Amino acid sequence: MNLPKTSFPMKANLVQNEPASQKRWAKAGLYEQLRKARKGSPKFVFHDGPPYANGSIHLGHVLNKSLKDFVVRSRSMMGMDVPFVPGWDCHGLPIEHRVVGDLVAKGKADKLAELPVEAQHSAIRKACAEYALKQVKLQAGQMQRLLTMADYENPYLTLHPSYEGAVLEVLASLFEQDLVYRALKPVHWSVANQTALADAELEYMDREDLSVYVEFEAMDAVAVYAAFGIDEAARDERELGATPSFMIWTTTPWTLPANIAVAVHAESSYALVRVDGSVVVLAEDLVKQVAAKGKAEDVEVLATAKGGSLVGLRYKHPFVNEVPPCGLGQAVDEAKVWSLVAADYVTMEDGTGLVHTAPGHGQDDFQTGVREKLPVYCPVRGDGTYDESTPDWIRGKSIWDANSEIERWLAKSGHLFSSERFMHSYPHDWRSKTPVIFRCTEQWFVAVNGPTKHGGKGLREMALAEAKENLAFVPAWGKSRLVGMLESRPDWCISRQRSWGVPVPAFYREDGSVFTTAAVVRAVAAVIADKGTDAWYTMSAADLLSGYDAASDPQLDGPMPEPQTLSKGWDILDVWFESGASWNGCMRARTGEFPMEVYLEGSDQHRGWFQSSLLCSLGMMGTPAYKGIVTHGFMVDKDGKKLSKSKGDTVEDLFSNYGADVIRWWVSSLAYDGDMKVDEAFFKVAGESYRKVRNTVRFLLSNLDDYDHDAHGSSPSDWPATSIDAWVLTRYEKLASKVIGAYERYAFREAHQAMYDFCNETLSSVYLAAVKDRLYCDSLDSERRRRTQCAMHLLTRGLSSLLAPLLPHTADEAYRSLIGAEQDAEASVHLATFDAGFGAPQDDRWNAVLKARDAGLAAMELARSKSDLDNPLDTGVTLADTDGILAAFDSTDLADLLGVSRVGFGPTVSVQDLRDEPRCERSWKRDSTVRERSDGGLLSDRDAAALGLA
RNA sequence: GGGCCUAUAGCUCAGUUGGCUAGAGCGCACCCCUGAUAAGGGUGAGGUCACAGGUUCGAGUCCUGUUAGGCCCA
């Protein structure tokens, strides 16, 4: 008897064994070896989107990095050269926020504030860099534990000087095309720290504030009455002599000096109301509520009208007479100042339905201002005091003191309808715990409509054309998503007022004007590419500009300022601009590759990296950085709800409970377009399914213990097409083409499914069950047995290569066991390519055989239910072979396929009880040749021969 | 509120351009094997395809709306 034997264990023990594989690959330099081996092969240029270097990796990273690794490994095994450089996004607010938080906690913040500004930036930056590098190390370790293959020795980091220089190259190119401009934008502003704040730096706390109902007197009474359908005759009749007012409500009276317009909702109904003698306009639904606030006694609704018909009506500002100065670089329509405009965000929840609009002091207000060409007026200075343009009674005063001052003024002048103190949740600066304000500041923007050097087209136009016509999207809906976002996106605000990032290389003259051109940016970029962005904070303007030649700068407007008179700006670039230049900072810089084949990221990146990369590359190169994008959805919990951060296992737990291969096996089973549910139970299921595949491979290996492919192998092309071994290899060929095709389409789930089904059905249930008898009972060297072993050897080799992209450890373990290379550190399936097939002849009549097998099994099931005939080896089956096809096949193969002792052919299917016949003690088959042999055993001829008995 | 997407057996998913008695695996139930054995094999029960309309000879598949959920905006 030749029973199975193998050192490939049933229990995978991935938690111990995977790190060993990892070490072995590292020691053998697998990544470098693969580069060498694939040198000169067609390249597949795949580019890693840099994850943010903060904290332990989570399931989203596991998904993303696994999918990327499937791509890298599968393309590589198709024979392509797939260099893959992992990257990290190292700059930005979350790190700075975290680091500064630590400084505050350690009581170092006050000390820091005493330093000169350069030194403050440098101190924070130093701490940020240390922190970021630590995070990169942590995440890289976890990603490697996930068994992803990449150039971890040489990752790209956005804080590398060469990378930073490359980012500025892109910026310079945009400057060159006059696509970069400065304009106002409202931001959260901390008066205490005199700095802009990001959302993450806000803390909402309760605060008592003053809210006021204010009447803005209409400029043209007749027009207002007309808008409500009241003509002059009707006015006389109803004794409406008063000039109507527009009633607004605000919780920030200090922004009233900056009032530019009043917004109404075009579709809502507004009422003209007589309130204690005066006539006011407010939302119909809010009349009662507002009247109650003012303790009005006599309230009468005179008429109603849609908000849309009020648009354009003008009013007098209660205390500002001259049209305020307009915002930087923005066109102004003076006719619209102090008039009613329409806006969607106006609600009938509270207030009056007429919204005080100060474009310099609110996000919505700003949008409205830009749309309506209103002045973006911000009379508040960085220290929270009013500037010179305001009325003298508040000029120079703090906005917080101004609230009551303004209330008094309004009351005195008869504009105040009502006022009250109230509590509300209000954003505060997380560091100083003081309330923040909205304030317009100057920011850098990239114009998405301005003409580029690429045929004069705008970035948006170019991006849309590429997305619509040239880019490949997997899944297809990525196109409409990207297109939708490109169509509606505003100009790109690329500046931030922070320390941790790449500075915008802008200098300022003594009069405050900006001195920056493409050549200036390039000169600074050269310094930074060499010394890093720290140089911006440590070097003088003159030194930074040492490589700048004013004489050859076509963009220089006027004389070159003396470098000593220039000061540096402290704006840094949006991190999305940095990562959006990774095609330049990583790929072009290293390998000259451009454009990339594909980017693969979560669907949130349609707004993020996909878009920033597209705009940056189109701007500089005129070509998209990638030919296509693959998108995946997000993890949700088992009920389909958003995954909470605190819930569930950490990735470290998953590694130590299941191992990377099981996790990857699970990832490969996911329909990754759309949301993916995660639950502890799913990893258990994946583990079960993994074990099934593993056991199949183990069984293959365990029957190859005495097989030496060089000595015993044969060429499948010589095998009879009717042999079961030829059949199984043709099935493998179908599998391979399906799996490789799926890999090409990034359809990993299909590949997973196909391989799982192949192991289960084709191998475990049909083929391997059938060939057991010959493997165990034929003589060791019988031609039939060796041929089956050859098929099994090829199947193991082929299957381990097909599995390798998904299960790098297990596939390599199997492959190395197969070729007997357990001691050879360099042998690896990952250096191999996929086996598409082995040239076995195909015979279409196998379909009939498999149908006959099903019919036979069904007949046996039926027979079993009607008798005690339980063991298939106690039965013989007569198969219906009406067209004589089955007779062409080996009857032993047919019997083994059914697991019975004998088959015959007849007009219909039937089952015979063979328990009267003698049973071979060795093979347990009922056979007419069984008789007592020389050693006293009951054996069939075949088994006797195998034992050398007569 | 807007854009894009998802909704098929208890669970994970297939279902090309509308034509099926709606499929597969897991799980479950029953049975076999005991020479892949903390394995292997066979059989079976599970669905008004989220809901409501509409187009059509015919709709899981197309259209409209609703509900629930996700990503990104506002």
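Quick caveat, the model's predicted, so the values are computed rather than measured. Side-chain atoms are counted along with the backbone in the values below, which use heavy atoms only and exclude waters and symmetry mates.
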**OP:** Would you write the dot-bracket representation of RNA chain B, where each base gets (, ), [, ], | or . depending on whether it forms a Watson-Crick or G-U pair under 3.5 Å and with which partner?
**Re:** (((((((..((((.....[...)))).(((((.......))))).....(((((..]....)))))))))))).
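In this entry the base of B:G46 is syn relative to its sugar, with a glycosidic angle within 90° of 0. Applying the 90° cutoff around 0 to the glycosidic angle, B:C57 is assigned anti.
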**OP:** Please step through side-chain contact (heavy atoms from CB on, under 4.5 Å) for the pair A:Phe577 and A:Arg496, ending with a clear verdict.
**Re:** CA-CA 11 Å; A:Phe577 192 92; A:Arg496 300 288 185 271; over 6 Å; no
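Classification of the A:Tyr743-A:Phe748 ring pair by plane angle, with boundaries at 30° and 60°, yields tilted. Taking the six-membered ring for Trp and thresholds of 30 and 60 degrees, A:His606 and A:Trp477 have ring planes inclined between 30 and 60 degrees apart.
Ionic pairing of A:Asp706 and A:Arg786 is present here: one or more N-O contacts between side-chain nitrogen and carboxylate oxygen are shorter than 4.0 angstrom. A salt bridge is absent between A:Asp913 and A:Arg926: the closest approach of a Lys/Arg side-chain nitrogen to an acidic carboxylate oxygen does not fall below 4.0 angstrom.
For the pair A:Met635 CE and B:U6 P, the interatomic distance rounds to 18 Å; values are reported in whole Å. Remark: P of B:G10 and CG of A:Asp639 are 16 Å apart, rounded to the nearest angstrom. What separates CZ of A:Phe473 from P of B:C4 is a distance of 14 Å, to the nearest Å. Distance CG (A:Leu763) to P (B:G41): 11 Å, rounded to an integer number of Å. If you measure from atom CG of A:Asp870 to atom P of B:U43, you get 15 Å, rounded to the nearest angstrom. Between the CH2 atom of A:Trp665 and the P atom of B:C26 there is a distance of 13 Å, rounded to whole Å. The separation between A:Asp868 atom CG and B:C33 atom P is 11 Å, rounded to whole Å. Atom CH2 of A:Trp666 and atom P of B:U12 are 12 Å apart (whole Å).
Comparing A:Glu921 and A:Gly633 along RNA chain B, the residue whose closest nucleotide (by nearest heavy atom) sits nearer the 5' end is A:Glu921. Each of A:Lys641 and A:Ser480 was assigned the nucleotide of RNA chain B with the nearest heavy atom; the assignment lying further toward the 5' end belongs to A:Ser480.
In this structure, the ring of A:Tyr690 has its center no less than 6.0 angstrom from the ring center of A:Trp665. A ring-centre distance under 6.0 Å is found for A:Trp609 and A:Tyr599.
Only the C1' atoms considered, B:A74 is 40 Å distant from B:G47, to the nearest whole Å. Between B:C26 and B:G40, the two P atoms lie 10 Å apart (nearest whole Å). Taking the C1' atom of each, B:A68 and B:C51 are spaced 11 Å apart, rounded to whole Å. Rounded to whole Å, the P atom of B:A24 lies 15 Å from the corresponding atom of B:A9. Rounded to whole Å, the C1' atom of B:C72 lies 47 Å from the corresponding atom of B:A29. Nucleotides B:G65 and B:G23, compared at atom C1', are 31 Å apart to the nearest Å. As rounded to the nearest Å, B:G58 and B:G19 have C1' atoms that lie 7 Å from one another. Annotation: B:G41 and B:G60 have their C1' atoms spaced 34 Å apart (nearest Å).
Remark: A:Leu464 CG to A:Leu459 CG distance equals 11.0 Å, nearest 0.5 Å.
Comparing atom distances between the A:Trp924 side chain and each of B:A36, B:G35, B:C4 picks out B:G35 as nearest. Distance from the side chain of A:Asn695 is smallest to B:A39 among B:G69, B:A39, B:G41. For A:Leu768, counting side-chain heavy atoms from C-beta on, the closest listed nucleotide (B:G42, B:A36, B:G70) is B:A36. Between B:U43, B:G35, B:G69, one nucleotide has an atom nearer to the side chain of A:Met1 than all others, and that is B:G35. Side-chain proximity of A:Pro4 to B:C72, B:G25, B:A36: nearest is B:A36. Of the candidates B:C26, B:C71, B:C5, the closest approach to any side-chain atom of A:Ser603 belongs to B:C71. Each of B:G3, B:G35, B:U37 was ranked by its minimum atom distance to the side chain of A:Met10; first place goes to B:U37.
Taking 4.0 angstrom as the limit, A:Lys638 places none of its side-chain polar atoms (N or O) nearer than this to OP1 or OP2 of B:G10. Residue A:Ser488 places no side-chain N or O under 4.0 Å from the OP1 or OP2 atom of B:G2. Considering only side-chain N and O atoms, A:Arg489 lies nowhere under 4.0 angstrom from the phosphate OP1 or OP2 of B:A74. Between B:C71 and A:Lys642, a contact under 4.0 Å exists linking OP1 or OP2 to a side-chain N or O. When the side-chain nitrogen and oxygen atoms of A:Arg607 are compared with OP1 and OP2 of B:C73, one or more of them lie within a distance under 4.0 Å. Regarding contacts with the backbone of B:A36, a side-chain N or O of A:Lys772 is found under 4.0 angstrom from either OP1 or OP2. Between A:Ser865 and B:U43 there is no side-chain N or O to OP1 or OP2 distance below 4.0 Å. Between B:A36 and A:Tyr776, a contact under 4.0 Å exists linking OP1 or OP2 to a side-chain N or O.
A donor and an acceptor atom never sit less than 3.5 Å apart when one is taken from the side chain of A:Thr696 and the other from the base of B:A36. Judged by distance alone, with hydrogens and angles left aside, A:Arg864 brings no side-chain donor or acceptor close enough to the base of B:C32 to form a pair under 3.5 Å.
Under a cutoff of 6.0 Å and an axis angle of 45°, A:Arg694 and A:Phe8 form a cation-pi pair.
The residue A:Ser764 sits close to a base: some heavy atom pair falls under 4.0 Å.
Once the 5.5 Å centre distance and the 30° plane angle are applied, the aromatic ring of A:Phe699 is found not to be stacked with the base of B:A39.
Across A:Gly937 and A:Glu921, no two heavy atoms sit closer than the pair CA-OE1, 3.5 Å.
Side-chain polar atoms of A:Thr357 and A:Asp365 form no donor-acceptor pair below 3.5 angstrom.
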